[in-house]
Number of protein chains: 4
Amino acid sequence: MTGPNWEPRRLTAVKAELPEGVTPPGTRGRILHAALLLFAERGFHGTSIRDLARVTEINSATLYAHYAAKEDILAELIALGHVELYNGMLTALSTAGPSARDRLVALVRAQVHMHADYPLLAVVANNEMHALSPQKAAPALSLREQARQLLYGVLRDGVAAGEFAIGDQVLAGIALGSIGIRVANWFGPDQPYTRDQVADTFAEYALRIVCALPIKESS
Amino acid sequence: MTGPNWEPRRLTAVKAELPEGVTPPGTRGRILHAALLLFAERGFHGTSIRDLARVTEINSATLYAHYAAKEDILAELIALGHVELYNGMLTALSTAGPSARDRLVALVRAQVHMHADYPLLAVVANNEMHALSPQKAAPALSLREQARQLLYGVLRDGVAAGEFAIGDQVLAGIALGSIGIRVANWFGPDQPYTRDQVADTFAEYALRIVCALPIKESS
Amino acid sequence: MTGPNWEPRRLTAVKAELPEGVTPPGTRGRILHAALLLFAERGFHGTSIRDLARVTEINSATLYAHYAAKEDILAELIALGHVELYNGMLTALSTAGPSARDRLVALVRAQVHMHADYPLLAVVANNEMHALSPQKAAPALSLREQARQLLYGVLRDGVAAGEFAIGDQVLAGIALGSIGIRVANWFGPDQPYTRDQVADTFAEYALRIVCALPIKESS
Amino acid sequence: MTGPNWEPRRLTAVKAELPEGVTPPGTRGRILHAALLLFAERGFHGTSIRDLARVTEINSATLYAHYAAKEDILAELIALGHVELYNGMLTALSTAGPSARDRLVALVRAQVHMHADYPLLAVVANNEMHALSPQKAAPALSLREQARQLLYGVLRDGVAAGEFAIGDQVLAGIALGSIGIRVANWFGPDQPYTRDQVADTFAEYALRIVCALPIKESS
DNA sequence: TATGAATGAGGCTTCATTCAT
DNA sequence: GATGAATGAAGCCTCATTCAT
């Protein structure tokens, strides 16, 4: 895996690869950053410890002064990604209006924002989970489930309150999640949209999917 | 990569892994089948030539009597997947009514069917492209682009004919594609839906996204 | 060993690679011919059974209908080369004058001719002997020793007859042999000499080395 | 290539295999030493990386901490051999008398000495060049050409000065070189000659070949 | 004769990891 | 912290050879 990779999974040119405040200081942070780039581009098994060391500009043995194993770097990234998404959703809900409609919009926008702001992190978190042992994957899987419950809670409330008209809440939730999760695979600075334009548009689609009546000032 | 994989990417229990009529006869077909299972579960770089040989129940050297390189097995799978999707979309269009609405429904249903019927193939085709050299990836990328054009052609026609009301056709197309592509990641025999129920529901969502007026008896 | 070899040991463009009448008929002969080219260029261990098959334009398994093992092809070539040299020397002696001087000239010329006419064969016979098992090498080694004795016999006679003035017959024999054996490494159609010009010149050198008085009509 | 080799190319029992001062320290030097022995005996393609590791008494992976590829070990040996020969010739010339005769003797003696002192190195440098890529072979080929020019310069001068009487300088140079280069193939501690006896004798032959008048007390 | 498929052994090289310095 | 050297295992692939057809 020394050579260049062929078809980039993700545009490497994204401004901020990791959320603010979560990057470890010093060498450990640079390792994590290199792993983010490489795991997103080539996958965990397509990236060697020496690839990581080369990008980080350290000796490969030095990696082990910061991480016990290659797997632990991936685990940290995947945890980071899931935390970021879940926290973003929580924050969005906390400032959203009380209606199911407002909360749904907040959740969709939060998901879009996370995937548009940290696409590499999202790609790694979504595609490389299978390379983690069950123990190392557990925290992320738990957050993933909690995030899912946030969405389904809103759907349930919206249906109960008569705000939404959907036959199958499970399929609706899947469709909504699918739209958001794929943002990481296509959005980038080369696109003629801002993150908010995408978020607004996809929130609108979400409302249509759940048949929320476009009362007045929908985005 | 001898041990079991941790977090399954895909439920292995799917009935028909490869489309009818495309599996090569004999050992070559068995190799392709093993590769489909393993690449879907562990990824290309997470699957060794010996893993493939073990599952195929042949000597690893025998692989090279049928494929020139490990990469070629992946290339064949990815080509197969893209052909299947594109042909499915073409067939669907050929039997659909002339309205943009009917054609959109046909395309969405075709995409759902392909991803529901051959989830392993879809996962490999979507997630492992980066492991192919540009040359080997080219045919599939070409088909992918052609399939995209089918969808955008329908969207364009629908907007022009006043059947659809969407502000941004590109974002609409992405959203529609996202819903369909993710089917491969969650649908399976363990789900309480038939493929047609999913196809119908997602076609309905598609119509809502493009604001097609629910004229009469839409699904 | 599929790729091209780098620095050709020998110009491949030599007219007749194998002595007349010794090439086996049919496929066996074509295999032998291919082995001659490839063993000379890349060495025995640098040439694979499939390289041989490719050049011969047969399936590699077909080789075993003609030779029991790769080593046997080499053994045949090496035997051929040694027979050719030894026979050439015998024939030369049989038509040479009775003097040691004449016989020395005949031997040197014969050695030059063989190495100039069949350089590939000579290179293989000289450089690849180490790849043969002792049993398979024995016939050639025996001929080599007999050829050596022909030369040393002439040297001995010349010294005894007062025709030659050399301190150490062994070193003189080695020097004479060295000049001849290296012909295979440099002579070719690209050289501005005929085989006879080289033979004449080197025969002259030989006479000088053994201090044969240039009586009258030396070349 | 695990078993013993059949017909030894070279007697392994030579005292000093590599010139003083050029062996790298530590493991790298031991690898180089092992490669010298094995490449001389079995050839580059007849020696496996595991053979090298076994003789060096290291793990085969450790080789790659010291050399990037098997080919690089050969390249270093071949470079070393050509440097040694060329330097020996330069040194010999620098201490030789000004006459062409003295300089020719110096060159021949230097060539004999190098091939007698480091026969393994000479065998590798002469016989295994074909296994190097053009790039890796270039430095040695350049030195080889420079060494050739040293000899032809002396021949030219000797002819111009009337010291030598040779019809064709090219053939004379080839003959002289042939005698020296073959020393590596037969000289060894089992021979009843010292290196200087061989050098003196072959220098004498050289003078005869170029028809240098044996003025006074030539060796 | 000829071949496609098969195989056990081994080719060169890289893997993730450890350890003495 | 950092590193060069070391290692056992494994990476992909080719080896010479066999065999049923």
Side-chain angles (χ1 to χ4, degrees), chain A residues 1-3 26-28 31 44-53 56-73, chain B residues 1-2 26-28 30-31 44-53 56-73, chain C residues 1-3 26-28 31 44-53 56-73, chain D residues 1-2 26-28 30-31 44-53 56-73:
Chain A
M1 268 298 111
T2 292
T27 304
R28 185 177 171 109
I31 293 170
F44 179 76
H45 291 306
T47 303
S48 77
I49 245 17
R50 281 169 194 180
D51 290 331
L52 289 171
T56 311
E57 294 181 309
I58 56 171
N59 185 287
S60 64
T62 304
L63 275 165
Y64 291 87
H66 300 275
Y67 289 93
K70 187 189 171 193
E71 188 190 4
D72 293 331
I73 311 177
Chain B
M1 265 302 110
T2 294
T27 304
R28 186 178 171 107
R30 288 166 48 224
I31 294 170
F44 179 75
H45 290 307
T47 303
S48 79
I49 229 71
R50 282 166 188 147
D51 291 332
L52 287 172
T56 312
E57 294 181 307
I58 56 172
N59 185 290
S60 67
T62 303
L63 273 166
Y64 291 87
H66 300 277
Y67 290 93
K70 185 190 170 194
E71 187 191 3
D72 292 331
I73 310 177
Chain C
M1 263 300 111
T2 293
T27 303
R28 184 176 172 110
I31 294 170
F44 178 75
H45 290 306
T47 303
S48 79
I49 260 338
R50 282 172 193 180
D51 291 331
L52 289 171
T56 311
E57 294 179 310
I58 56 171
N59 185 287
S60 64
T62 304
L63 275 165
Y64 291 86
H66 299 276
Y67 288 94
K70 186 188 171 194
E71 188 189 5
D72 293 330
I73 311 177
Chain D
M1 263 298 111
T2 294
T27 304
R28 185 178 172 108
R30 288 166 47 224
I31 293 170
F44 179 76
H45 290 307
T47 303
S48 79
I49 229 69
R50 281 166 187 147
D51 291 332
L52 287 172
T56 311
E57 293 181 308
I58 55 172
N59 185 289
S60 67
T62 303
L63 274 166
Y64 291 85
H66 300 277
Y67 291 93
K70 186 189 171 196
E71 187 191 4
D72 292 332
I73 311 177

What string of B, S and - do you get for nucleotides 1-7 of chain F, 5' to 3', if B is base contact, S is sugar-phosphate-only contact and - is no contact with any protein heavy atom under 4.0 Å? -SBBSBB
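The listed nucleotides are F:dA16, E:dG11, E:dT17; the one nearest the side chain of A:Lys70 is E:dT17.
Between C:Glu71 atom CD and C:Phe44 atom CZ the span is 6.0 Å, to the nearest 0.5 Å. From A:His66, atom NE2 reaches atom OG1 of A:Thr56 across 9.5 Å, with rounding to the nearest 0.5 Å. For the atom pair OG1 of B:Thr62 and CD1 of B:Ile31, the computed distance is 7.5 Å after rounding to the nearest 0.5 Å.
As rounded to whole Å, 10 Å separates atom C1' of F:dA16 from atom CZ of C:Phe44. The CG atom of D:Leu52 sits 16 Å away from the P atom of E:dG10 (whole-angstrom rounding). To the nearest angstrom, P of E:dG4 lies 15 Å from CZ of B:Arg28. At whole-Å resolution of the value, CD1 in C:Ile49 and C1' in E:dT3 are 15 Å apart. Between A:Ile31 atom CD1 and E:dT17 atom C1' the separation is 14 Å, expressed in whole Å. The OH-C1' distance, from A:Tyr67 to E:dA16, rounds to 17 Å in whole Å. Atom pair D:Glu71:CD and E:dC12:C1' shows a separation of 12 Å (rounding to whole Å applied). F:dC15 atom C1' lies 12 Å from atom NE2 of C:His45, rounded to whole Å.
Between C:Ser48 and F:dT14, a side-chain N or O to OP1/OP2 separation shorter than 4.0 Å is absent. Under 4.0 angstrom from either OP1 or OP2 of F:dC13 there lies at least one side-chain N or O belonging to B:Tyr64.
Using five terminal pairs a side, the axes of the helix from E:dA2-F:dT21 to E:dT21-F:dA2 at its two ends make an angle of 0°, given in steps of 10 degrees.
At least one side-chain heavy atom of C:Ile73 sits less than 4.5 Å from a side-chain heavy atom of C:Leu63.
D:Ser60 is linked by a side-chain contact (heavy atoms from CB on, under 4.5 Å) to D:Ile49, D:Arg50, D:Ala53, counting only residues two or more places apart in sequence or in another chain. For C:Asn59, there are no side chain to side chain donor-acceptor pair (under 3.5 Å) partners two or more places apart in sequence or in a different chain. Not counting sequence neighbours, the partners of C:Arg28 by the salt bridge (charged side-chain N to carboxylate O under 4.0 Å, His left out) test are C:Glu76.
Scanning both residues, C:Asp72 and C:Ala68, for their nearest heavy atoms gives OD2-CB, 3.3 Å. Closest non-hydrogen pair, C:Lys70 versus C:His45, comes out as NZ-CA, 4.3 Å.
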